[in-house]
2 protein chains.
Amino acid sequence: MSDALLRKLESFAPLFDGDRQVLRVAIDQPVRTVAARRDFAREGDAPRSMHLIVEGWAARHKTLSDGRRQIVGLLVAGDLCDLDLQLVSERDHSLGAINEIKVAEIPFGAIGQAMMDSPRLARALRLDALVVTATSHEWTLNIGQRSAYERIAHLFAEMAYRQRRAGLSSSDRFEWPLTQVDLADATGLTPVHVNRTLQQLRRDGLIVLANKRLVIPDLDRLRQAGLFNSNYLHLEQRVAAAV
Amino acid sequence: MSDALLRKLESFAPLFDGDRQVLRVAIDQPVRTVAARRDFAREGDAPRSMHLIVEGWAARHKTLSDGRRQIVGLLVAGDLCDLDLQLVSERDHSLGAINEIKVAEIPFGAIGQAMMDSPRLARALRLDALVVTATSHEWTLNIGQRSAYERIAHLFAEMAYRQRRAGLSSSDRFEWPLTQVDLADATGLTPVHVNRTLQQLRRDGLIVLANKRLVIPDLDRLRQAGLFNSNYLHLEQRVAAAV
DNA sequence: CGGCGCATTGATCTGAATCAAGACCCGTGG
DNA sequence: CCACGGGTCTTGATTCAGATCAATGCGCCG
């Protein structure tokens, strides 16, 4: 993973060599491989460390007592989970691998130290966390107001932007490891309906999805179909004033 | 407002007199009155300051280009919005008053200073922000997986807990300023269906709702009906280890 | 070869949306 | 003092997007 996190943070605001170095030291931690479909942190657990997705896709998810499951966010390489989570005694959601992934376990102290050492880096990490929250709001909007067709189009568009932001791929073709069941859990639909909706999206030429690869022939049309507005990702920032 | 924010922060972890004093100084700012149904911050605006709800209820909301509207979070007295928002150049959601409210406008610098002066306070504010994010995840789950009946029950239960946490009322009877249209926007339902669902909840004896007052005869039954688990509010924390 | 996870298809059902009208309440201006 | 209008709540009739139920196919792996 060619420093997807750094790439993402620098998309918010420039960092200097010193900042980069501080970050590299902090995230240079043992990497664990997690098999596809395995949870690597569970609701109810005491938070032990932060997680940085190094490779592959993961999901934040919650489950109701009767088994209904909702994915409340997706995580790709460069995504750092659980900043500040050491402040609580119990996790309120789980983290699970979608395909086989590599995760670095970052001690809370390491990131804390890095944020003390580099205020510019601290700002970038805070901004990243802010975008996570904003994304959660957007998902609420997505599920609450958009039709099935729009929801799925929106999700594809979001991930296209996020892939590009992390420098992982061009935004028009990339790995898509989610099964239709995952997609259903992420959008609040049933797998059967996801299947039919995907077919519609294909028929309309908005996506080409096969063998876990997604191709977006015309991102702009897809965005329109999903009423997607990238403002919540805060892709372009004025250079923040010094503290 | 008898220091609802302080009350809430202390529900997470104890503060000392010094911390309290630092917070009081920071939030002692001009208070603005906002008329019911008026936005006091709009999507697209440049963030100018933080907002502390002093009295009344407000909503975070987002609107699609075609007018569909989603409330992505509710705000009551003691809720502080937009920590870290100075890091972005444009708001991604609006804040609107539900009934007539009083809001204090807190300069970003004032809170920044307070967090520097009192690390214990800083931790409490970070924890508060974490709970906001966790609540957003819970809303995604709520709208994505629960039935209309469960969704509304869940929302009532959540607000009951939040009222109590801020020391605003007992959790079994309090002001309920949302109209059925608001409730629809918060739950991703139509007003007509909200109306019928409320009647069902009333018939089942789970709520008494009239004249903008809500009475919950049996919070435990309501919680069950909404599959409500308060873990995401992180009501009880071990005392966090010192930094 | 057997089984299992995943994608697909068809038939049917239903929770919630939509459309349409009243009823009620309250503030406001003539 | 009353007529008016707009917001809110309620009710009924109808429609529909998406859920549910049920099979089938298929590729992969042990």
Side-chain angles (χ1 to χ4, degrees), chain A residues 35-38 57 64 66-71 96-100 142-155 175-203 207-214 225-226, chain B residues 35-38 57 64 66-70 96-100 142-155 175-204 207-214 225-226:
Chain A
R37 336 248 102 239
R38 274 269 173 309
W57 289 45
L64 294 178
D66 62 5
R68 281 173 281 175
R69 176 166 172 276
Q70 177 69 41
I71 291 179
I98 289 174
N99 48 3
E100 180 177 297
N142 200 31
I143 297 176
Q145 300 298 327
R146 283 187 262 248
S147 68
Y149 188 86
E150 293 163 342
R151 275 182 226 184
I152 295 179
H154 186 277
L155 183 59
E175 200 75 27
W176 186 267
L178 301 224
T179 65
Q180 292 181 3
V181 173
D182 295 327
L183 208 36
D185 286 344
T187 53
L189 300 166
T190 51
V192 172
H193 198 60
V194 165
N195 182 289
R196 300 197 223 265
T197 306
L198 285 175
Q199 291 176 44
Q200 189 62 52
L201 285 162
R202 283 193 265 248
R203 251 177 274 130
I207 57 164
V208 179
L209 175 58
N211 306 319
K212 310 266 155 191
R213 299 225 20 112
L214 175 66
Chain B
R37 335 249 104 239
R38 275 269 172 313
W57 289 44
L64 294 178
D66 63 5
R68 281 174 280 173
R69 178 169 171 272
Q70 178 70 40
I98 288 174
N99 50 3
E100 180 177 297
N142 201 32
I143 297 175
Q145 299 298 329
R146 283 187 263 249
S147 69
Y149 189 86
E150 293 163 342
R151 276 182 226 185
I152 296 179
H154 186 278
L155 183 58
E175 200 77 24
W176 186 268
L178 302 224
T179 64
Q180 292 181 1
V181 174
D182 295 328
L183 208 35
D185 286 344
T187 52
L189 301 166
T190 52
V192 171
H193 197 60
V194 165
N195 182 287
R196 299 196 224 265
T197 307
L198 284 175
Q199 289 175 46
Q200 189 63 50
L201 285 162
R202 282 193 267 247
R203 251 178 274 128
D204 296 345
I207 57 164
V208 179
L209 175 59
N211 306 316
K212 310 266 150 188
R213 297 226 21 113
L214 175 66

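In what follows, every chain begins at residue 1, and chains take the letters A, B, ... in the order their sequences are listed. Note that the structure is predicted; figures quoted are calculated from it, not measured.
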Nearest whole Å is fine: how far is [N] [atom2] from [X] [atom1]?
| X | N | atom1 | atom2 | value |
| --- | --- | --- | --- | --- |
| B:Arg38 | D:dG7 | CZ | P | 12 Å |
| B:Asn211 | C:dC24 | CG | C1' | 13 Å |
| A:Gln200 | D:dA17 | CD | P | 12 Å |
| A:Leu183 | C:dA7 | CG | C1' | 13 Å |
| A:Gln180 | C:dA7 | CD | C1' | 5 Å |
| B:Glu150 | C:dA16 | CD | C1' | 14 Å |
| B:Asp182 | D:dT8 | CG | C1' | 11 Å |
| B:Trp176 | D:dC9 | CH2 | C1' | 17 Å |

Quick one, which residues of residues 187-196 of chain B touch DNA chain C with a heavy atom under 4.0 Å?
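Heavy-atom contacts with DNA chain C come from B:Gly188, B:Leu189, B:Thr190, B:Val192, B:His193, B:Arg196.
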Under the side-chain hydrogen bond (donor to acceptor under 3.5 Å, both in side chains) criterion, do A:Gln200 and A:Arg203 qualify, and how do the steps go?
CA-CA 5 Å; A:Gln200 189 62 52; A:Arg203 251 177 274 130; 2.6 Å; yes
Does [X] put a side-chain nitrogen or oxygen below 4.0 Å from OP1 or OP2 of [N]?
| X | N | result |
| --- | --- | --- |
| B:Gln199 | D:dT11 | yes |
| A:Arg202 | C:dT8 | yes |
| B:Arg146 | C:dG15 | no |

I want to check something: taking the side chain as every heavy atom from C-beta on, are A:Asn142 and A:Glu150 in contact at a cut-off of under 4.5 Å?
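Side chain of A:Asn142 against side chain of A:Glu150, heavy atoms only: no contact under 4.5 Å found.
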B:Arg37, nearest nucleotide to its side chain (from D:dT10, D:dT8, D:dG18)
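Taking heavy atoms from C-beta onward, the closest nucleotide is D:dT8.
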Could you grab the distance from atom CD of A:Gln70 to atom CD1 of A:Ile143, nearest 0.5 Å is fine?
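One finds 4.0 Å between CD of A:Gln70 and CD1 of A:Ile143.
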When rounded to the nearest 0.5 angstrom, what distance separates CG in B:Leu214 from CG in B:Leu209?
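Taking CG in B:Leu214 and CG in B:Leu209, the distance rounds to 5.5 Å.
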With the threshold set at 4.0 Å, does a side-chain nitrogen-carboxylate oxygen contact exist between A:Asp66 and B:Arg146?
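Looking at A:Asp66 and B:Arg146, the cut-off is not met.
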For B:Thr179, does its backbone N or O pair with a side-chain atom of B:Asp182 as donor and acceptor, under 3.5 Å?
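A pair under 3.5 Å: yes.
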Residues that B:Glu175 engages under salt bridge (Lys or Arg N to Asp or Glu O under 4.0 Å), provided they are two or more places apart
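Applying salt bridge (Lys or Arg N to Asp or Glu O under 4.0 Å) to B:Glu175 gives B:Arg213.
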Would you classify A:Ser147 as touching base, sugar-phosphate or nothing, given that sugar-phosphate means primed atoms plus P, OP1 and OP2, and contacts are heavy atoms under 4.0 Å?
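Sugar-phosphate contact only - A:Ser147 comes under 4.0 Å of backbone atoms but never of a base.
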